[in-house]
Amino acid sequence: MQLKYSAPRGTEDFLPARVQLLDWIHGSCRRELERHGYLEIRPPLFEDTSLYRRAIGDVTDVVEKEMFTCERGDTSVTFRPEATAGVARAYLENKLDKVRPFQKFYYIGPMFRFERPQAARQRQFEQIGVEAIGSHDPRLDAEVIHLAGRLLDRLELGGYRIHINTLGDKEDRARYRTALEEYVEPQLAEFCAECQARFQRNVFRLVDCKNRDCQRLMSDAPDLLSRASDATRKHFDDVQNALGALGRSFEIDPRIVRGLDYYTHTVFEVRMPGLGARDTLVGGGRYDDLLEELGGPAIPAIGFSLGVTGTLLALQKAGIADEHASEPPCTVFLAAIGDSERLAALVLADELRQSGLIVDLDYEGKSPKAQLRTAGKRNARIVLVLGESERARGVIQVKNMGDSSQRELPMDGDLAFELQRMLEGESTRTAQGEGD
RNA sequence: GUGGCUGUAGCUCAGUUGGUUAGAGCGCCUGACUGUGGCUCAGGAGGUCGUGGGUUCAAGUCCCAUCAGCCACCCCA
């Protein structure tokens, strides 16, 4: 069949089974985040375009070519390409620093970037992230990095690697930039075409070029740490010590420079080797200057974001996606035999649902046999069979789909209670069975 | 924005050097004592071979274009 419409490029329909998987991810992460004292915040899905230009940086790819922007009259809004800018704005606008200067937030929701889709990259994608605002304590850096790992642990994902680096403060970066430029300029012609272009735009990008020749040329390049201020080095050392105390293993990777302008000091990524071209599941770092740049007080902060698209891919590759992606069963299926019983079935289903049971029935005029088949496919635990003879006697057939046993129960106010008891008895037995 | 690969039933795919009514498995529907599932068996529905052109006596099969998907580059969660 030739359909007229398809989902826009880079978007995905999450069908019920996949929504189950997504809910499991959300639930697992929420529990872990709340355990760490993070509270959910929900800024709008779009903000003034100027906020992103300011926060992320005018000459970044995200701002220059990836924004979903909507112009109306003299206003311009952009669907959020990331959440940090919006959370920072919300923190300032609601004057949260006056209420409680230090606060920890988390968010879960869709982000939008107008990119060419590929493995683990969509135009609408979901991120689960945190922002801890109001402290420069290096222990907080460590806790945040550790938390990123904890989330993946919760999702039963192993084999990830945590890479950390420091970008220092403004002065450190300025010195580093100069040093890099002085190092690169004499041999600029030997770099790849892209790096030659990057040289003007953003020298730091030469540091993480994947081109082997460039990497070789950069092997003796100056590193930031050796010319950073004592305070910067101390902070980075303290972060590492705290991570060590938490038992969290990590690698120092001077090539992590991050693409968003607001990052300072500690930056980190969590990668899943073998995932594909985009193997970074989590990216984050400090942004000590951002709130001030947005017009607020000088308040330090740190955060990260976990990409759900990549996480889903990792779960699939690890073979643990399917066990969390099953359609939830209807526990009771109500089979009506004969046209005269179909209305009675509808009413009985409603009554049973009101007492908390998950009940479904046939809407396709199926034969009794086919209704049973459907119940089986839906993994119903109990099938109620309602026919003319039963209704005349005020009873109903109750079939236990587990052992195929069947008995008759009176159709009165106690029916729901009896069914609940059956289900509980069954799950108790199952639980005991599993315990052995 | 650039490049590579792919596009046949709901899904996963077969379709030989272009040659008659396009197939399989799974799934779906029906039936095998006209009121009872899972197994088995029998049958059935479902495809303008992504779309539009072209070459040819003849195209799912070759050519061009286009769209979509996947993968990679740039960049990034």
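Below, chains carry the letters A, B, ... as their sequence lines are ordered, and counting in each starts from 1. Only this structure's heavy atoms are used, side chains among them; waters, hydrogens and symmetry mates stay out.
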A.B. asks: Separation of L275(A) atom CG from A77(B) atom P, in whole Å?
C.D. replies: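 Whole-Å distance recorded here is 15 Å.
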A.B. asks: Which value, in whole Å, describes the distance between the P atoms of nucleotides C63(B) and U56(B)?
C.D. replies: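 Straight-line distance between the two P atoms is 16 Å.
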A.B. asks: Establish whether the base of G69(B) is bridged to the side chain of S6(A) by a donor-acceptor pair shorter than 3.5 Å.
C.D. replies: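 Side chain to base: no pair present.
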A.B. asks: Name all residues meeting the side chain to side chain contact (heavy atoms under 4.5 Å, CB included) criterion together with V398(A); count only those two or more places apart in sequence or in a different chain, and write none if there are none.
C.D. replies: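 For V398(A), the residues satisfying side chain to side chain contact (heavy atoms under 4.5 Å, CB included) (neighbours in sequence not counted) are I382(A), L384(A), I396(A), L409(A), L419(A), M422(A).
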A.B. asks: When the side chains of residues 269-291 of chain A are checked against the rest of the protein, which donor-acceptor pairs come out under 3.5 Å, sequence neighbours left out?
C.D. replies:
| residue | atom | partner | partner atom | Å |
| --- | --- | --- | --- | --- |
| E269(A) | OE1 | R271(A) | NE | 2.9 |
| E269(A) | OE1 | R271(A) | NH2 | 2.8 |
| E269(A) | OE2 | R258(A) | NH1 | 2.7 |
| R278(A) | NH1 | A120(A) | O | 2.9 |
| R278(A) | NH2 | T280(A) | O | 3.0 |
| R286(A) | NE | D141(A) | OD1 | 3.1 |
| R286(A) | NE | D141(A) | OD2 | 3.0 |
| R286(A) | NH1 | S135(A) | O | 3.1 |
| R286(A) | NH1 | D288(A) | OD1 | 2.8 |
| R286(A) | NH2 | S135(A) | O | 3.1 |
| R286(A) | NH2 | D141(A) | OD1 | 2.8 |
| Y287(A) | OH | E131(A) | OE1 | 2.5 |
| D288(A) | OD1 | A301(A) | N | 3.3 |

A.B. asks: Salt-bridge test for R421(A) and E424(A): reply yes if a basic N is under 4.0 Å from a carboxylate O, no otherwise.
C.D. replies: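 The answer is no: the pair does not qualify as a salt bridge.
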A.B. asks: Between the protein and nucleotides 38-40 of chain B, list the N/O to N/O atom pairs that are separated by less than 3.5 angstrom.
C.D. replies:
| residue | atom | partner | partner atom | Å |
| --- | --- | --- | --- | --- |
| G38(B) | O6 | S404(A) | OG | 2.4 |

A.B. asks: Name each donor-acceptor pair under 3.5 Å that joins a side chain in residues 367-374 of chain A to protein atoms two or more places apart or in another chain, with its distance.
C.D. replies:
| residue | atom | partner | partner atom | Å |
| --- | --- | --- | --- | --- |
| S367(A) | OG | A370(A) | N | 3.2 |
| Q371(A) | OE1 | A336(A) | N | 3.0 |
| Q371(A) | NE2 | A336(A) | O | 2.8 |
| Q371(A) | NE2 | K366(A) | O | 3.1 |
| T374(A) | OG1 | K366(A) | NZ | 3.2 |
| T374(A) | OG1 | A370(A) | O | 2.9 |

A.B. asks: Answer with base, sugar-phosphate or nothing: what part of the nucleic acid does E390(A) contact at a heavy-atom distance below 4.0 Å?
C.D. replies: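 Base contact.
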A.B. asks: Output the residues of residues 160-168 of chain A in contact with RNA chain B, where contact means a heavy atom of the residue under 4.0 Å from an atom of the strand; sort by number or write none.
C.D. replies: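 Those residues: none at all.
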A.B. asks: CD1 of I396(A) versus P of U36(B): gap in Å, rounded?
C.D. replies: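 Result: 17 Å.
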A.B. asks: Would you state whether a donor and an acceptor, one from the side chain of Q397(A) and one from the base of U36(B), lie under 3.5 Å apart?
C.D. replies: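 In this structure, the two groups form no donor-acceptor pair.
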A.B. asks: Please list, in numerical order, the residues of residues 39-66 of chain A that have a heavy atom closer than 4.0 Å to any atom of RNA chain B.
C.D. replies: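 Residues of residues 39-66 of chain A that come under 4.0 Å of RNA chain B are, in numerical order, D61(A), K65(A), E66(A).
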A.B. asks: Given U30(B), A77(B), C75(B), which nucleotide is nearest the side-chain atoms of R198(A)?
C.D. replies: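 Nearest listed nucleotide: C75(B).
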A.B. asks: Please name all residues satisfying side chain to side chain contact (heavy atoms under 4.5 Å, CB included) with E93(A), sequence neighbours left out, ordered by chain then number.
C.D. replies: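 Testing E93(A) for side chain to side chain contact (heavy atoms under 4.5 Å, CB included), a comparison that skips the adjacent residues, returns R89(A).
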A.B. asks: Please report the distance, rounded to the nearest Å, between NZ in K377(A) and P in G37(B).
C.D. replies: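 Atom-to-atom, K377(A) to G37(B), this comes out as 13 Å.
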A.B. asks: Heavy-atom nearest nucleotide on RNA chain B for V385(A) versus G283(A): which residue maps closer to 5'?
C.D. replies: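 The residue whose closest nucleotide sits nearer the 5' end is V385(A).
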A.B. asks: Does anything in residues 307-318 of chain A come within less than 4.0 Å of RNA chain B? Heavy atoms only, and list the residues if so.
C.D. replies: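 Going residue by residue through residues 307-318 of chain A, the ones with a heavy atom under 4.0 Å of RNA chain B turn out to be G307(A), T309(A).
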A.B. asks: Just to verify, what does D169(A) make a side-chain hydrogen bond (donor to acceptor under 3.5 Å, both in side chains) with, not counting sequence neighbours?
C.D. replies: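 Expected list: none.
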A.B. asks: Is there a donor-acceptor contact under 3.5 Å linking the side chains of Y52(A) and R80(A)?
C.D. replies: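 No, R80(A) and Y52(A) have no side-chain donor paired with an acceptor closer than 3.5 Å.
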A.B. asks: Treating a pair as Watson-Crick (purine N1 to pyrimidine N3 plus N6-O4 or O6-N4) or G-U wobble (N1-O2 and O6-N3) with both distances under 3.5 Å, list the stems of 3 or more consecutive pairs that involve RNA chain B.
C.D. replies: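 Result, WC/G-U stems under 3.5 Å: B:1-7 with B:67-73, B:10-13 with B:23-26, B:28-32 with B:40-44, B:50-54 with B:62-66.
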A.B. asks: Would you kindly give the CG-to-P distance between D208(A) and C74(B), to the nearest whole Å?
C.D. replies: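 After rounding, the reported distance stands at 9 Å.
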A.B. asks: With the threshold set at under 4.0 Å for non-hydrogen atoms, list the residues of residues 112-130 of chain A touching RNA chain B in residue-number order.
C.D. replies: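 Here the set is R113(A), E115(A), R116(A), Q118(A), A119(A), A120(A), R121(A), Q122(A), F125(A), Q127(A).
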A.B. asks: Could you list all the side chain to side chain donor-acceptor pair (under 3.5 Å) pairs where at least one residue sits in residues 8-17 of chain A, not counting sequence neighbours?
C.D. replies: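 Found E12(A)-R18(A).
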A.B. asks: In this structure, how many angstroms lie between the P atom of G37(B) and the CD atom of Q371(A), rounded?
C.D. replies: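 So the two atoms are 12 Å apart, to the nearest Å.
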